[in-house]
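Have a look at the structure below, then the notes.
The analysis underlying the following values was restricted to heavy atoms, covering all of them including side chains, and did not include hydrogens, waters or symmetry mates. Note that the structure is predicted; figures quoted are calculated from it, not measured.
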Amino acid sequence: MTLPLFLSRARLRSGHGETLSAIAPILMPDDVNQRAALAHRLVWLLFQDVPNANRDFLWRDDGAGKYLILSSRPPADPKDLFELDTKPFAPALQVGDDLRFVLRVNPTVARKGANDPDATGIRQRGKRVDVVMDRLAKLPISGRAQHRDRVATEAGSAWLTEQGARAGFTPKAVVVGSYRQIDIADRERKRRRERGVVSVIDLEGVLTVSDPPTFFSKLATGFGSAKAFGNGLMLLRRV
């Protein structure tokens with residue numbers, strides 16, 4: 001049996017005369033690095049009704065204090081910090097359906113042999129690496145900046161095609177948008193002089209559903225890595 005899902009639009013009450021208007025500039029800073037880390041904490045406020053629960057939702061920053069959220073339970077806002085609109089998410093998917101999609105994602109790949117064998121002599125699963133940087137690393141250092149956009153387009157498209165083969169859909173007419181790196185390092189990481197960089201690509205286009213149950217399951221769990229920081233939620237609409 002498929003677990004129920006809920007799609008929510010959440011708007012932070014930060015306008016003139018609203019709950020958080022006085023601290024809106026702090027909660028929604030112009031700096032993209034700060035905003036990603038703060039938004040991560042803000043969205044968590046809607047899912048604190050179950051103590052010590054694991055993250056069971058995906059989200060996307062829609063700008064200006066607005067967030068799109070896909071969750072396995074409805075968000076709860078006892079402090080009335082958000083304006084919430086929540087609906088059941090149960091698309092009627094059929095084989096052959098063509099859907100427009102938008103996806104903000106941190107695309108990674110596990111490189112086999114990237115880690116040394118453990119004490120038992122068993123080689124552990126490879127480290128996950130950004131697919132764009134993985135391809136750029138094969139080019140001479142002097143030419144990486146010049147080819148970055150081309151490599152991002154090729155790597156993003158190839159990654160999505162591989163995802164579709166496992167997740168019950170075939171992408172087509174894919175447009176690869178901006179590729180950027182966001183530093184989400186928290187205070188502890190900064191103290192240890194460690195970076196917390198997440199690479200993000202915006203993808204959009206049309207896909208054809210080939211396996212509805214598998215596709216729906218993947219929509220629920222999300223795509224790529226760094227989902228806690230607003231990546232992995234695929235938005236859909238009929239062509």
Quick one: side chains of residues 130-138, donor-acceptor pairs under 3.5 Å with protein atoms, not counting sequence neighbours, listed by atom name and distance.
residue, atom, partner, partner atom, Å
D130, OD1, V132, N, 2.9
D130, OD2, Y179, OH, 2.5
D130, OD2, S199, OG, 2.8
D134, OD1, R111, NE, 3.4
D134, OD2, R111, NE, 3.0
D134, OD2, R111, NH2, 2.6
K138, NZ, D134, O, 3.3

At what distance, to the nearest 0.5 angstrom, does CE of M28 lie from CD1 of I23? 9.5 Å
So, for S21 and G15, which heavy atoms are closest and what is the spacing to 0.1 Å? CB-O, 3.0 Å
ILVMFWY clustering at 4.5 Å (side-chain atoms), partners of V206: V239
Under the salt bridge (charged side-chain N to carboxylate O under 4.0 Å, His left out) rule, what pairs show up with a residue in residues 59-71, not counting sequence neighbours? R35-D61
R11: salt bridge (charged side-chain N to carboxylate O under 4.0 Å, His left out) partners, not counting sequence neighbours: E18, E83
Give the table of side-chain donor-acceptor pairs shorter than 3.5 Å for residues 156-166, with sequence neighbours excluded, one pair per line with atom names and distance.
residue, atom, partner, partner atom, Å
S157, OG, T153, O, 3.0
W159, NE1, T108, O, 3.3
T161, OG1, S157, O, 3.0

Run the side-chain contact (heavy atoms from CB on, under 4.5 Å) test on D202 and R180 for me, step by step, so that the C-alpha distance in whole Å, both residues' side-chain angles and the decisive distance to 0.1 Å come before the verdict. CA-CA 9 Å; D202 286 309; R180 58 205 181 276; 3.1 Å; yes
What pairs with R73 under side chain to side chain donor-acceptor pair (under 3.5 Å), at least two apart in sequence or on another chain? D49, D56
Side-chain donor or acceptor of H40 paired with backbone N/O of F229 under 3.5 Å: no
Taking all non-hydrogen atoms of both residues, which atom of I201 and which atom of P107 are closest, and how far apart? CD1-CG, 3.9 Å
Using the rule that Ile, Leu, Val, Met, Phe, Trp and Tyr join whenever any side-chain heavy atoms are under 4.5 Å apart, tell me whether V209 and F223 fall into a single cluster. yes
Taking side chain to side chain donor-acceptor pair (under 3.5 Å) as the test, write out the residues that go with R100, two or more places apart. none
Roughly how far, to the nearest 0.5 Å, is CG of D211 from NZ of K218? 13.5 Å
Pairs meeting criterion side-chain hydrogen bond (donor to acceptor under 3.5 Å, both in side chains) with involvement of residues 228-239, two or more places apart: D97-R238
At their closest point, which heavy atom of L236 faces which heavy atom of L99, and how far apart are they? CD1-CD1, 4.1 Å
Common cluster, L93/F101, ILVMFWY with side-chain heavy-atom separation under 4.5 Å: yes
Is there a path of hydrophobic side-chain contacts, each under 4.5 Å between heavy atoms of I/L/V/M/F/W/Y residues, joining L70 to L235? yes
Going by salt bridge (charged side-chain N to carboxylate O under 4.0 Å, His left out), name the residues that satisfy it together with D30, two or more places apart in sequence or in a different chain. none
Interatomic distance, K79 atom NZ to R13 atom CZ [nearest 0.5 angstrom]: 15.0 Å
Between V198 and A226, which heavy-atom pair has the shortest distance, and what is it? CG1-CB, 3.7 Å
Could you give the distance from CG (L233) to OG (S71), rounded to the nearest 0.5 Å? 10.5 Å
ILVMFWY network linking V174 to V151, side-chain heavy atoms under 4.5 angstrom: yes
What orientation do F216 and F89 show, parallel under 30°, tilted 30 to 60°, or perpendicular over 60°? parallel
Show your working on side-chain contact (heavy atoms from CB on, under 4.5 Å) between F57 and W44 and close with a plain yes or no. CA-CA 9 Å; F57 59 89; W44 260 111; 3.9 Å; yes
Taking the side chain as every heavy atom from C-beta outward, state whether R9 and L68 have any atom pair closer than 4.5 Å. yes
For L84, enumerate each residue passing the side-chain contact (heavy atoms from CB on, under 4.5 Å) test, keeping only those at least two apart in sequence or located in another chain. A10, L46, P75, D77, F82
What are the two closest non-hydrogen atoms of A152 and V176, and how far apart are they? O-CG1, 3.8 Å
Residues which pass side chain to side chain donor-acceptor pair (under 3.5 Å) with T208, listed by chain and number, not counting sequence neighbours: D98, K172
Can you get from M234 to V43 by hopping between Ile, Leu, Val, Met, Phe, Trp and Tyr side chains that sit under 4.5 Å apart? no
Rounded to the nearest 0.5 Å, how far does CZ of R55 lie from OG of S72? 10.0 Å
Stepwise side-chain contact (heavy atoms from CB on, under 4.5 Å) test for V102 and E204: CA-CA 4 Å; V102 175; E204 61 179 285; 4.3 Å; yes
What's the shortest heavy-atom distance between A39 and W59, and which atoms? CB-CH2, 3.5 Å
Residues that T221 engages under side chain to side chain donor-acceptor pair (under 3.5 Å), provided they are two or more places apart: none
